[in-house]
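Heads up, the thing below is written out as structure tokens.
Keep in mind it's a predicted model, so treat the numbers as computed, not measured. Side chains are part of it too, since the values below use all heavy atoms of this structure and drop only hydrogens, waters and symmetry mates.
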There are 2 protein chains.
Amino acid sequence: MVTLAEVAQHAGVSASTVSYVLSGKRSISAVTRRRVEESIQVLGYHPNAGARALASSRSNIIALMIPLRTDMYVPVMMEIAIAVTTSARSHGYDVLLLTGEEGPDAVRRITGSGLADAMILMDVELDDERLPLLRGTEQPSVLIGLPADTNGLTCVDLDFGATGALCAEHLAMLGHRDIAVIGEAPAVYERHTGFAERTLDGLRSRSRELGLRVLHRPCEGGFDAMSLTLARVFDERPGTTGFVVQNESAVEPLLALLRRQGRAVPEDVSVIAICPDQVAVQASVRLTSVAIPAQEMGRNAVEQLIAKLEGHGKDDVVLIAPELTVRASTGPAPTAS
Amino acid sequence: MVTLAEVAQHAGVSASTVSYVLSGKRSISAVTRRRVEESIQVLGYHPNAGARALASSRSNIIALMIPLRTDMYVPVMMEIAIAVTTSARSHGYDVLLLTGEEGPDAVRRITGSGLADAMILMDVELDDERLPLLRGTEQPSVLIGLPADTNGLTCVDLDFGATGALCAEHLAMLGHRDIAVIGEAPAVYERHTGFAERTLDGLRSRSRELGLRVLHRPCEGGFDAMSLTLARVFDERPGTTGFVVQNESAVEPLLALLRRQGRAVPEDVSVIAICPDQVAVQASVRLTSVAIPAQEMGRNAVEQLIAKLEGHGKDDVVLIAPELTVRASTGPAPTAS
DNA sequence: CGACGGAGTCGAAGCGCTTCGACAACCTAT
DNA sequence: ATAGGTTGTCGAAGCGCTTCGACTCCGTCG
């Protein structure tokens, strides 16, 4: 293993000079710089991460806590994780992957050991156990998601309230009067993650203003669950002509079931999905959807974090404005016959 | 930040004693141990990762390189990543997440900087650029996937050859004669990842023995691509009664299209998917499938790696035996009418 | 023309931990 | 009783890097 000292010797300068060439924290003459850089090249030098962390008390690592469950929103999680990793790299940081499994202990471990300089938490619950710890530490952090009390915290999330409202508006504009919301699995609500409730609240209050009637039904993913849910929806509100689907894995079952029942999309029934664009495009009907901007959320979180690490960050809640893309699954409400 | 020295002082012992309590590398009297552990508790001590890494030249970190593309097998990737992370934790290791983006440079950076003690590579290509580097380093590594030349490497993967054979056997046993393989997107073949080819080879050679006729068609995911592909299959081989689908995102479109054409599954046509069990269960027909054992692959890779780190690892290729689960999408071939 | 300040470099002091050799105290076997 | 082991503890020497103060050259300004 090549060390700083060896590079220094090879270049005929002192170790500290090499260090300053690397960090740029003091001015170095062009000649010296070039010589040092050449030696680094020739010897194939890589600074030792541990030594660096010890001496500077900065690890250049960001910890990312992802949910352990693979039951929900997997593609979104993955996309966020990848976006976080690549943008962190572009700022010179590596990413340490933690699962939610350890819970608050993981936070303690990371802050205590200096393993990471900062952390990003996903899958935040309304009243998350980890929040008090985050508030009580110097270590910068950013949440992806929105807890009940955001005081002293930095959060990034899609504006799910506005998302719900947007869906209501689109359906109202098309003349629909009776709409159904196919929500997340009951477990998601019990877990108090908030985003599903926020969507619903936004949708409900806008619907009230617009005179829409809303029926909300949580729904596990998959065919059988969707089948039951759908039957109950039409049972209770036969006149339902608009659907808003939040559960990704309920989308395709819903479309198939509607088709099977002879209800055409979008002629008889309109469907809006809240899902990544890729899913909306690949479905059996190209779906009108509000995108979940996973990439943007990941990138944004990293940028907030870097700003904090560099000292000019502020505690702030960034709600990304939702965008509705009209595709082939929504159309004018059928005229009552 | 609490240091070892402070713990030592608080417990009235020397720093080295505390260190030995922590590592267990020398025997410590029960009394001393207890005192030290108590001090650690009281002070809330966490060893500093950087200092530890520097002194011991072990970081207790495993690097995991995941593919950058989110176009394929996302749930599988995610599941593997999570399995790797949790089993690494249970062995006292953390996981550093790297994207394939950096390519070979990432390998150099990690081995050079001592940031990680070992690495796991996913999405390995047949003739991967990173392999020479891995062979040339002391650092243990495990591949998830199978390159062309496995010499001097440790690999974990599903036995895709056997998987293909298994599919052929099942369909042959049910009396099918003409089968079609809906393969991965053309890009996957061009990328030379190998697993798709291995599946096909296994399936073809077993089919030859069993007298099955095989038609192979690569296919992008999604509805439109599947629609075209399916049309061409029936055009060329109208008598096709069995399908093997490798591309996860082609499964649901295929089922929908068959339904639309009035071909019943499994009465008229049988379908086997190669996909995670969860996908198979959630589809619109409960799918007979060969599972992709993501969890097992991840766990296995970590175990191989730990073994190597502890010195008793061997370079070896572990091919996980495929398992076919019969569900509702396969049945006897229709009798020619 | 001497004092001053900036640019460029060096030496040395740690950062917090692991680990090696040393040593004291005790136990056993002769 | 003595040589030889064990067991438990300590002190000190680094691991490879960053960073601070100090020093030497210069060019520049009053």
Quick tally for nucleotides 7-17 of chain C: nucleotides whose base has a protein heavy atom under 4.0 Å get B, sugar-phosphate-only ones S, the rest -, giving SSBBB--BBBB
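- Residues B:Pro147 and B:Leu153 come closest through the heavy atom pair CG-CD1, 4.1 Å.
- Side-chain nitrogen and oxygen atoms of B:Lys25 include none within less than 4.0 Å of the OP1 or OP2 phosphate oxygen of C:dT18.
- Proximity of a side-chain donor or acceptor of A:Asp159 to a complementary backbone N or O of A:Ala321 within less than 3.5 Å is not detected.
- The CG atom of B:Leu131 sits 9.5 Å away from atom CD of B:Glu129, with the distance rounded to the nearest 0.5 Å.
- In this structure, A:Asp94 CG and B:Ile61 CD1 are separated by 9.0 Å, a value rounded to the nearest 0.5 Å.
- For B:Arg35 and D:dG8, the CZ to C1' distance is 12 Å, given to the nearest whole Å.
- The closest side-chain donor-acceptor pair between A:Thr154 and A:Asp316, if any, does not fall under 3.5 angstrom.
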